[in-house]
K.L.:
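Quick one: the structure is below, questions incoming.
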Amino acid sequence: MNKTIHFVRHGQSTWNEAEEIFKFTRFDKEMQKLDKMDAPLSSFGEEQAAQLQEKIQALNAEIAITSPLSRAIETCIRSYGVKNVVASHLCAELGDTICDIGMMRETLKKKYPSIDFSCLPSTVWWYVDQKLKDQLTDPRKCYEWVLQNGNCGLGETDCHFHRRIEEFHEFLQSRCESNIIVFTHGAFMRGFFHKYCNRPFRQIVRNVEIITYTL
């Protein structure tokens with residue numbers, strides 16, 4: 001049975017907003033001053049998500065799968081709602097910057113009680129170098145480690161990222177639903193469609209852009 005998967009990039013985040021302000025001038029230095037860990041939607045991003053509602057509802061998806069990062073969850077809630085929503089760390093953003101450090105599962109469950117977080121590990125679910133797992137055991141420790149090491153990067157490896165994309169593809173195949181919507185991120189979408197559709201990896205995915213894929 002074919003499955004129809006609608007991938008949606010989240011609305012503008014506060015990190016995206018800051019990128020526009022700094023235009024990568026003094027970018028690393030300035031972004032470290034901003035506590036953009038798990039960057040939420042900006043005010044404009046909230047508007048984008050709300051305006052997306054009509055398009056999302058018209059897709060008639062049976063279930064929504066969302067990245068556990070706040071900007072994806074909030075886009076999902078504002079456009080799709082909270083009924084039949086499952087979070088999966090497999091479709092979280094490429095672990096590249098401090099905004100890709102998320103919240104622990106128990107914190108997410110308290111903040112978004114209607115969303116199913118049972119697929120998330122109870123410990124750190126975002127990318128952490130295997131050698132540092134015993135040291136970086138919560139969001140704040142991860143954030144402080146990034147700042148102390150003088151860069152904005154988490155450094156998810158290509159190998160880990162590609163394997164995660166494969167695991168998410170397998171996860172989609174395992175679902176019983178035939179019409180699914182996925183709220184995720186730009187680099188994740190670029191990686192997924194490069195792997196499975198030969199779409200150029202560098203091809204931009206805009207905020208709140210929807211790309212439909214037949215599985």
Side-chain angles (χ1 to χ4, degrees), residues 5-15 35-43 45-46 48-50 52-53 56-57 61-128 130 132-146 154 156 160-161 164-165 167-172 174-177 179-185 187-189 208:
I5 317 294
H6 311 282
F7 286 80
V8 185
R9 186 186 174 195
H10 61 80
Q12 184 196 63
S13 69
T14 54
W15 184 272
D35 192 345
K36 298 297 184 186
M37 185 168 61
D38 194 15
L41 293 178
S42 65
S43 297
E46 291 177 354
Q48 286 181 309
L52 193 61
Q53 186 176 35
I56 296 299
Q57 298 301 319
E62 300 162 67
I63 191 171
I65 298 170
T66 183
S67 155
L69 289 165
S70 294
R71 53 199 185 270
I73 293 175
E74 293 293 338
T75 301
C76 174
I77 290 171
R78 284 174 167 77
S79 61
Y80 177 85
V82 295
K83 186 178 180 181
N84 296 329
V85 179
V86 174
S88 173
H89 61 293
L90 297 175
C91 65
E93 182 58 303
L94 171 68
D96 187 38
T97 63
I98 56 176
C99 72
D100 305 320
I101 299 170
M103 289 183 275
M104 302 292 272
R105 186 178 70 184
E106 292 307 311
T107 304
L108 287 166
K109 287 168 66 175
K110 290 176 183 177
K111 187 172 183 178
Y112 305 106
S114 299
I115 294 176
D116 181 0
F117 292 101
S118 61
C119 292
L120 262 63
S122 59
T123 55
V124 167
W125 48 262
W126 53 93
Y127 180 77
V128 173
Q130 195 65 37
L132 300 170
K133 276 197 174 289
D134 292 338
Q135 177 184 347
L136 307 181
T137 55
D138 63 59
R140 182 52 53 179
K141 288 180 180 179
C142 290
Y143 176 71
E144 291 172 353
W145 181 88
V146 169
L154 297 176
E156 182 171 7
H160 188 276
F161 183 53
R164 185 156 61 84
I165 289 171
E167 289 176 357
F168 187 66
H169 191 269
E170 292 166 6
F171 175 70
L172 291 174
S174 74
R175 299 295 309 186
C176 63
E177 299 88 0
N179 189 8
I180 299 171
I181 190 163
V182 177
F183 291 89
T184 183
H185 306 268
F188 184 84
M189 288 174 69
V208 299

K.L.:
From H89 NE2 over to R105 CZ, what is the distance, rounded to the nearest 0.5 angstrom?
P.N.:
11.0 Å
K.L.:
Would you tell me whether Y112 and E74 have side-chain atoms, one donor and one acceptor, within less than 3.5 Å of each other?
P.N.:
yes
K.L.:
Answer yes or no: is there a side-chain heavy-atom contact under 4.5 Å between N179 and H6?
P.N.:
yes
K.L.:
Using only atom types and a distance under 3.5 Å, with no angle test, would you say the side chain of T75 pairs donor to acceptor with the backbone of A49?
P.N.:
no
K.L.:
Between W125 and L108, does a side chain to side chain contact (heavy atoms under 4.5 Å, CB included) hold up when you go through it step by step?
P.N.:
CA-CA 12 Å; W125 48 262; L108 287 166; 4.2 Å; yes
K.L.:
Do F188 and I165 have side-chain heavy atoms sitting under 4.5 Å apart?
P.N.:
yes
K.L.:
Could you tell me which non-hydrogen atom of C91 sits nearest to which non-hydrogen atom of T184, and how far apart they are?
P.N.:
O-OG1, 2.7 Å
K.L.:
Show your working on side chain to side chain contact (heavy atoms under 4.5 Å, CB included) between R71 and E93 and close with a plain yes or no.
P.N.:
CA-CA 11 Å; R71 53 199 185 270; E93 182 58 303; 3.9 Å; yes
K.L.:
So if I apply the side-chain contact (heavy atoms from CB on, under 4.5 Å) rule between F183 and each of I65, I73, V8, which one comes out positive?
P.N.:
V8
K.L.:
With heavy-atom distances below 4.5 Å as the criterion, would you say the side chains of E106 and S122 are in contact?
P.N.:
no
K.L.:
Check whether any side-chain heavy atom of L69 lies under 4.5 Å from a side-chain heavy atom of W126, and answer yes or no.
P.N.:
no
K.L.:
State, yes or no, whether a side-chain contact exists between I77 and V85 at a heavy-atom distance under 4.5 Å.
P.N.:
no
K.L.:
Any side-chain heavy-atom pair from V124 and L136 closer than 4.5 angstrom?
P.N.:
no
K.L.:
What's the spacing between I180 CD1 and F7 CZ if we round to 0.5 Å?
P.N.:
9.0 Å
K.L.:
Mind listing the closest non-hydrogen atom pair of R164 and A92 along with its distance?
P.N.:
NH1-O, 2.7 Å
K.L.:
Distance check, rounded to the nearest 0.5 Å: I5 atom CD1 versus I181 atom CD1?
P.N.:
10.5 Å
K.L.:
Any side-chain heavy atom of H10 within less than 4.5 Å of one from V208?
P.N.:
no
K.L.:
If you measure from CG on L154 to CG on D96, what distance do you get to the nearest 0.5 Å?
P.N.:
7.5 Å
K.L.:
Any idea which heavy atoms bring Q57 and S79 closest together, and the distance?
P.N.:
NE2-O, 2.9 Å
K.L.:
Can you tell if the side chain of Y80 reaches within under 4.5 Å of the side chain of T66, non-hydrogen atoms only?
P.N.:
no
K.L.:
What heavy-atom pair brings T14 and A39 nearest, and what distance separates the two atoms?
P.N.:
OG1-CB, 3.4 Å
K.L.:
Have a look at P68 and tell me which of D38, I115, L90, L120 forms a side-chain contact (heavy atoms from CB on, under 4.5 Å) with it.
P.N.:
L120
K.L.:
Distance check, rounded to the nearest 0.5 Å: S174 atom OG versus E167 atom CD?
P.N.:
11.5 Å
K.L.:
Verify side chain to side chain contact (heavy atoms under 4.5 Å, CB included) between R78 and Q48, making sure each step is shown before the conclusion.
P.N.:
CA-CA 9 Å; R78 284 174 167 77; Q48 286 181 309; over 6 Å; no
K.L.:
Are the side chain of E156 and the backbone of L94 linked by a donor-acceptor contact shorter than 3.5 Å?
P.N.:
no
K.L.:
CZ of F171 to SG of C119: how many Å apart, nearest 0.5 Å?
P.N.:
4.5 Å
